[in-house]
Chemist: 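Pasting a structure below so you can have a look.
The chains referred to below are lettered A, B, ... by the order of the sequence lines, with proteins before strands, and numbering in each begins at 1.
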Amino acid sequence: MTVCIIGASMTEFGRRDAWIRGLLAEAGSDCLDSSEVAPEAVEHLLVSNMASGEFEGQTGIMNALAHDLGLHPAYAERVDQTSASGGAGVYSAWQSIASGASEMTLLVGGERMTHRSTAEATDVIASITHPVEYKHGLTLPSFAGLTARRYLHQYDAPRESLARVAVKNHANGTDNPHAQFRKEITIEEAMESPIVADPLRLYDFCPITDGSAALLFCSEEVAKSYTDEYVRIAGVSGATDTHVVHERDDPTTMGGVRESSKQAYERSGYDPDDVDIAELHDMFTILEFLQFEDLGFAEKGRAWKAIEDGRTERDGDLPVNTSGGLKSKGHPLGASGVAQVYELVQQLLGAAGPRQVGAEVGLACNVGGFGNCVTTTIVEGP
Amino acid sequence: MLEAIRCPNGHVHQPPHPRCPDCGERPTDRVDLADRIGTIVTWTSATATPPGVREPNSLAIVEFDLGTSEVVTTENEGSEGGTVRTIGGLTTREIAIGDRVRPVYVEELRDPEAGIREPTSQDWSGYRFEPI
Ligand SMILES: [Zn+2]
């Protein structure tokens, strides 16, 4: 069965007044409106979220949302794959339709984070680590610093190439009305910003963000009864890598990206060469390099050259993060993987406004932990 | 003890797991890395550290070559070759990839009461690494 996306929405990302229930309801309600699907048609509700209990003391948010949107008695479930909860929700939504278990599935991803200090939010996210990592004070930014140093050393890549990722994604974000930062930056500003995890600096990192995004899934047969404006999921998959990061043979390779994309490519029938546009998980600039290589878009150790050559710019042969990426759009954990696919839907339906590029096949890669769990989604236009 | 495990197929891992992450066999040997000399694979120095963690917090991935790494004391179990990596703090920021380091025991690596992790759920002692 071909699974389609007939509705998509996202809230403004940034520092929001609404708490988790309000954010989820805003995106979920807008998504139903975008497709003119009535609440009673929704059979499964999936809520992608990493840590509403830890951030806010609000658990059971899938039931709260089912009630707030008038979806009951729909089956409701929360999907947690840490930073990749959104992509995991897309995979679960696809399964719910493809299996025949649900005729109409609403996926809403969201996170409320900005009420916490940077130190507290960093600690909530670092609670994913193994005890031997946690006791040393390992954080996700410090994993990024360790990986970036090794990458630059191993492949003789210039430090400026990482700054170029930040500059590109900030430039793209200026054209995204939902983005947290809509401000261009220069390579000099990125290279001179304060050190956060040596050799990485402030502009190598995404911000802490509140926000939500939603997608509506059904079979192609059901989709046609509502609209001609929909996209198809060509292939989606997920995979894990080691939980303990230092146990990987090569710190510059993400096994979860390789494995999840291998299966997504197989299911879709597409190769890396067929992909026209990609939304990658640039929680840290270095991650855009690792994914670009492990998804098969460049040889190992050569992504930095592709970025320097402009291949991933909006007018390049494979635009990456036209949305502005997590870097400028912001990264409300559970929402990010959903918002990646939201951008692909806008691009494939020709609704991306000033960000519009020509694209028929789009790929989203959502990374949880420091590559502990990864999903890859390939979508194709009408 | 900086404990690693070895499985019947010779895979060595730190920290220990109930099953070998490479092949799924139950581990049969314990290897102590505490008295060995390792090599820096990569390092960082983090400034925005979470509650209860020193700032800056310099950290490294360290590799031990069990076939050739110098053993400071005589008693070591299961020294039959292979490599194994660990992660930990550094005693200095003056470090480079390839530098040789030795483990130094620290009673309390961070304040167990300050962070989100339940203090009694895990051990807070361990080893930082010092250049030689
Ligand atoms: Zn084994």
Chemist: Which one, B:R128, B:H17, B:R110, leads in non-hydrogen pairs under 4.5 Å with chain A?
Modeler: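 Top option by heavy-atom pairs under 4.5 Å: B:R110.
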
Chemist: Go through the atoms of A:V124 and report whether side chain, backbone, both or neither lie under 4.5 Å from a heavy atom of chain B.
Modeler: both

Chemist: Apply side-chain contact (heavy atoms from CB on, under 4.5 Å) to the pair B:L66 and B:L33, showing each step before the final yes or no.
Modeler: CA-CA 9 Å; B:L66 300 176; B:L33 305 174; 3.9 Å; yes

Chemist: Compute whether any side-chain donor of one residue and acceptor of the other, for B:T86 and B:Y127, lie under 3.5 angstrom apart.
Modeler: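 There is no such pair between these side chains.
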
Chemist: What do the steps show when you test A:E247 against A:T242 for side-chain hydrogen bond (donor to acceptor under 3.5 Å, both in side chains), and what is the final call?
Modeler: CA-CA 7 Å; A:E247 289 186 63; A:T242 69; over 6 Å; no

Chemist: Heavy-atom distances under 4.5 Å only: say whether A:T139 touches chain B with side chain, backbone, both or neither.
Modeler: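 Interface part for A:T139: side chain.
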
Chemist: In terms of relative ring orientation, are A:F205 and A:F284 parallel, tilted or perpendicular, with 30° and 60° separating the classes?
Modeler: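 The arrangement is perpendicular - the two ring planes meet at more than 60°.
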
Chemist: Please walk me through it: do A:Y155 and A:E293 pass side-chain hydrogen bond (donor to acceptor under 3.5 Å, both in side chains)?
Modeler: CA-CA 13 Å; A:Y155 304 115; A:E293 294 167 7; 5.4 Å; no

Chemist: Please classify the contact between A:R201 and chain B as side chain, backbone, both or neither, with a heavy-atom cut-off of under 4.5 Å.
Modeler: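 Contact with chain B involves no heavy atom of A:R201 at all.
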
Chemist: Side chains of A:S328 and A:H170: do they bring a donor and an acceptor to under 3.5 Å?
Modeler: no

Chemist: Select, from A:A121, A:S127, A:S117, the one with the greatest count of heavy-atom pairs under 4.5 Å involving chain B.
Modeler: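 Of A:A121, A:S127, A:S117, A:S127 has the most heavy-atom pairs under 4.5 Å with chain B.
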
Chemist: For the salt bridge (Lys or Arg N to Asp or Glu O under 4.0 Å) test, which of A:R15, A:R112, A:R16 pairs with A:D210?
Modeler: A:R112

Chemist: Just wondering, are more than 12 heavy atoms of other shown residues or ligands nearer than 6.0 Å to CG in A:D156?
Modeler: no

Chemist: Would you call the rings of B:F64 and B:F129 parallel, tilted or perpendicular, where under 30° means parallel and over 60° means perpendicular?
Modeler: tilted

Chemist: So does A:K300 pair up with A:D294, basic N to acidic O under 4.0 Å?
Modeler: yes

Chemist: With chain A as the partner, which of B:P51, B:G89, B:A48, B:P56 has the greatest number of non-hydrogen pairs under 4.5 Å?
Modeler: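 Greatest number of close heavy-atom pairs with chain A: B:P51.
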
Chemist: Of the backbone (N, CA, C, O) and the side chain (C-beta and beyond), which part of B:Q14 lies under 4.5 Å from a heavy atom of chain A, both, or neither?
Modeler: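 For B:Q14, heavy atoms of backbone and side chain both lie under 4.5 Å from chain A.
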
Chemist: At a heavy-atom separation under 4.5 Å, does B:R54 approach chain A through its side chain, its backbone, both, or neither?
Modeler: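 Neither part.
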
Chemist: If I measure from the heavy atoms of chain A, does B:I116 come under 4.5 Å with its side chain, its backbone, both, or neither?
Modeler: both

Chemist: What part of A:T129 gets within 4.5 angstrom of chain B, counting heavy atoms only: side chain, backbone, both, or neither?
Modeler: both

Chemist: B:P15 versus chain A, heavy atoms under 4.5 Å apart: side chain, backbone, both or neither?
Modeler: both

Chemist: So which of B:V106, B:V41, B:D22 has the biggest tally of heavy-atom pairs under 4.5 Å with chain A?
Modeler: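 So the answer, after comparing B:V106, B:V41, B:D22, is B:V41.
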
Chemist: Quick check for you: among B:V62, B:L109, B:V84, which has the greatest number of heavy-atom pairs under 4.5 Å with chain A?
Modeler: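 Result: the option with the highest number of such pairs is B:L109.
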
Chemist: Hey, is A:D198 close enough to A:R149 for a salt bridge, meaning N to O under 4.0 Å?
Modeler: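 A salt bridge links A:D198 with A:R149.
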
Chemist: Taking B:I61, B:V53, B:I87 one by one, which has the highest count of heavy-atom pairs under 4.5 Å against chain A?
Modeler: B:I87

Chemist: Between B:T83 and chain A, which part of the residue has a heavy atom less than 4.5 Å away: side chain, backbone, both or neither?
Modeler: neither

Chemist: Using non-hydrogen atoms only, which part of B:T49 is less than 4.5 Å away from chain A: side chain, backbone, both, or neither?
Modeler: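 Contact with chain A is through the backbone of B:T49 alone.
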
Chemist: Under a 4.5 Å heavy-atom cutoff, which of A:Q154, A:H130, A:H136, A:H153 has the most pairs with chain B?
Modeler: A:H136

Chemist: Which region of A:P131, side chain (C-beta onward) or backbone (N, CA, C, O), has a non-hydrogen atom less than 4.5 Å from a non-hydrogen atom of chain B, or is it both or neither?
Modeler: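 Looking at A:P131, backbone and side chain both touch chain B.
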
